[in-house]
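Below, all heavy atoms of this structure are taken into account, side chains as well, without hydrogens, waters or symmetry copies.
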Amino acid sequence: MNGTNGVEEEGGKGGGKVVYGDGSWQLTVFVTDLQVERNLRVRGDLHIGGVMIKLVDSLDIAMDWSDHAIWWPNRNKWLDKTRWTLDQYNVNADTVIHFTPMHKTLRIQLPDLRYVDCTVDFSVKTFNASVVMSKDLGLRHPEELSLCKPLDPEHLRQNYQEVMMRRRPPPPTKEGNTGDRLDTNTFVSHTGTLNSKSPHATLRTPTKGQHSPQGTLNGNGNYSPYSNGHTYVSGRPQTPQGPTLDEMSLAMSPPATPEAKTTLLKPKSLEQRARMNVGWLDSSLSIMEQGVREFDTLCLRYKYYSFYDLNSKYDSNRINQIYEQARWQILNEEVDCTEEEMMLFAALQLQVAMQANVPQPNNDDDDGDDVDEELKKLQMSLEGGTGGGGWGDVTEDPSIADYLQYFKPKRFTLKSYKRLYFVCKNLYLLAYKNADSSRSGGDLLFSVHLKGCEVTPAINLTANKFELKLEVPSAEGMTEMYLKFNSDQQYAEWLAACRLAAKGKTLADSSFDAEVNSIKAFLSMQSPASAPAINPNTVEIVAEDYVAPRFARKIKSKLRQKILESHANVKDLNLLEAKMNFVRAWQSLPEYGVSLFVVRFHGEKKDELLGVGSNRVMRMSLQNGEHIKTWRYSTMKAWNVNWETRHMMIQFEDDKNVIFQCLSADCKVIHEFIGGYIFLSMRSKESNQQLNQELFHKLTGGWV
């Protein structure tokens, strides 16, 4: 490095433009945690690893630099291929690069709305960083979670694409490229640091306002030059003024702080609900590449509503965080429910609150039960049923049959039901005029293939109304029909049969009886008891903590009494049982697990909704959420994005292509939802299975 000292002293920032006779030149490197700049004399054939060695030698400070890497602010990317040369990366004498720690502190808001400071790897793909963080938080199946940017109410007022149209394009670089990758979620990568809007992104913000020349990374003025301030403990929160992870439990949630409650969004329409999905980070880019900086706030949320193997023995943290996310969804009216369902949710929340300070049964003593359970499952699978199903002759396919009220909506017709004799057998619903016609093989009025149907309960316990809505896929779209039942027992059996058939399972499946019992238990929990089980005067019930605003307004004076009457049905549940019942009740809501997007289908002039679920995508009405058409993932051949026009195309087995443009979020978000759900559907029961991150990126990445 002969002759460099003079250039270092005199050249300053301008020294980088000097090119020497031997082809070497001055490269400017800013060391973020020391807040110092160095000029290194390098040649274009020097590899990135060599640049880092040369820099560390010139700093001559004895510290562990192993967590540092090179970040190029103007190009918004990590130079992480250490064997690549400066020439290969197009780094030249005008370039300023940063030498910065890969692990940085983020303020993470958990699903239960509390904040923890986590040390996160900013240099790896966001999915990989999120997986490590979730594991450190003690949450099994971290692939179900993802990171998203905190949104403001203004994000709900307009579509993302409208904002994009008004935004000035970023200035092109010297090579004429903006530094953007086409195949990414542009919403997050262009918002810059998240501190600007977030009222709570200031925790542990550096005390001195020192900035790098580019202003992209905050330096911490009170760091010692002999310590980088980033003692790396994998993913552990570094909160000097708050509890450490060892000191707090994610299985129990403290009440949400007023600060956290101000971050909650309350969508007023389906369109606003759809706009809430704009903030998801791109799983295939690093956190740093998406405009996120150290000490910013991000939200950790369950993105995919496909909860695998929820087990009360191992998953107390996970069950609690899912329960809390479900609870806030219902309280913020992100998902609709009936008054009876709302009272059940309120009652279960009350039971959770009452059980929180009571000693709970110990699950650790149940080791023997696991073996018994596995033996029982093995016996059931060998016998092909529960053994006690009472289906009689094993050669006969099991079926259920009864007289039911039936109605098929048509335009301009009143809702008039017909009484027909129905048989549910081998995934088909068969309709006859009467029981004799069925037994004698008489005229079949019509049949419905139930596999792939949408099955939606439509009940009103107060009015003693038990109905279900079937939406049957057809060439024209979804054909609706309603079935009405005369008792809760009849309703439970037929709902269970239709639900199993929709998944491709017959009545011979061992889960039929359990499904019937689960539906009956759910109904009994919703039926209010004649009197509360506890003295109403001993319980304080703040309406906004238990019910959504529209119910608080509607039944204000009777609210406490109604919640306590519903609570009598769940008073014997322990803490985990109450949370699990809450999650199951949430999962049984018609709108559960559907992520919405405002889209414009090819050739159409009006905006519509696209709903993405765990096993299907749905074309829906923007006004009322009515299902227009459903496509199952099982019939999909491919899903692609044209990154230039940002249109998405889904190809199906019948060679029909569905093409649309996403207006409320970047099309990469929808692409990732579909690929993510297909990835989750491939999980198996093997306890030793490794999370295949490569496969996840292959299905969600968006490029070949």
| request: For T263 and Q109, test the side chains for any donor-to-acceptor distance below 3.5 angstrom and give the result as yes or no. | output: yes

For A458, the side-chain contact (heavy atoms from CB on, under 4.5 Å) test, sequence neighbours excluded, returns E467

Applying ring pair (Phe, Tyr, Trp, His ring centres under 6.0 Å) to Y546 and not counting sequence neighbours gives none

Open item on the list: Taking the basic N atoms (NZ, or NE/NH1/NH2) and the acidic carboxylate oxygens, is any pair closer than 4.0 Å for E333 and R553?
Closed with: no

Residues at least two apart in sequence or cross-chain that pass side-chain contact (heavy atoms from CB on, under 4.5 Å) with H449, listed by chain then number, are L427, Y428, K451

Contacts of H141 meeting ring pair (Phe, Tyr, Trp, His ring centres under 6.0 Å) (sequence neighbours excluded), chain-then-number -> Y308

Those residues at least two apart in sequence (or on a different chain) that pass ring pair (Phe, Tyr, Trp, His ring centres under 6.0 Å) with F582 are Y323, F345

Before we go on, tell me: are the rings of Y677 and Y305 under 6.0 Å apart, centre to centre? no

**Q.** Pair R273 + E591, salt bridge at N-O below 4.0 Å
**A.** yes

Residue set satisfying side-chain hydrogen bond (donor to acceptor under 3.5 Å, both in side chains) with E339, at least two apart, ordered chain then number -> K554, K562

Residue set satisfying side-chain hydrogen bond (donor to acceptor under 3.5 Å, both in side chains) with S253, at least two apart, ordered chain then number -> D112, N320

Minimal heavy-atom distance between Q321 and P111, with the atoms involved, is OE1-CD, 3.3 Å

With sequence neighbours left out, the residues meeting side-chain contact (heavy atoms from CB on, under 4.5 Å) with A521 are none

Between P267 and L156 the two heavy atoms that sit nearest each other are CA-CD1, 4.2 Å

The salt bridge (Lys or Arg N to Asp or Glu O under 4.0 Å) partners of R683 (sequence neighbours excluded) come to E143, E144

Sequence neighbours excluded, the answer for ring pair (Phe, Tyr, Trp, His ring centres under 6.0 Å) partners of F307 is Y302

**OP:** Kindly assign one of parallel, tilted or perpendicular to the pair Y304 and F696, based on the angle between their ring planes and the thresholds 30° and 60°.
**Re:** perpendicular

| said: Less than 4.0 angstrom from a charged side-chain N to a carboxylate O is my criterion; do K261 and D545 meet it? | reply: yes

Sequence neighbours excluded, the answer for side-chain hydrogen bond (donor to acceptor under 3.5 Å, both in side chains) partners of N277 is W280

- Task: Decide, yes or no, whether a salt bridge links R327 with E324 under the criterion of side-chain N to carboxylate O below 4.0 Å.
- Result: yes

Next item on the list: Please work out which of the three classes, parallel, tilted or perpendicular, describes the rings of H671 and W643, given edges at 30° and 60°.
Entry: tilted

Hits for side-chain hydrogen bond (donor to acceptor under 3.5 Å, both in side chains) against S621, two or more places apart or cross-chain, chain-then-number order -> N624

- Query: Do R619 and E604 sit within salt-bridge range, that is, some charged N less than 4.0 Å from a carboxylate O?
  - Reply: yes

Checklist line | NZ/NE/NH1/NH2 to OD/OE distance under 4.0 Å, E271 and R275 | finding: yes

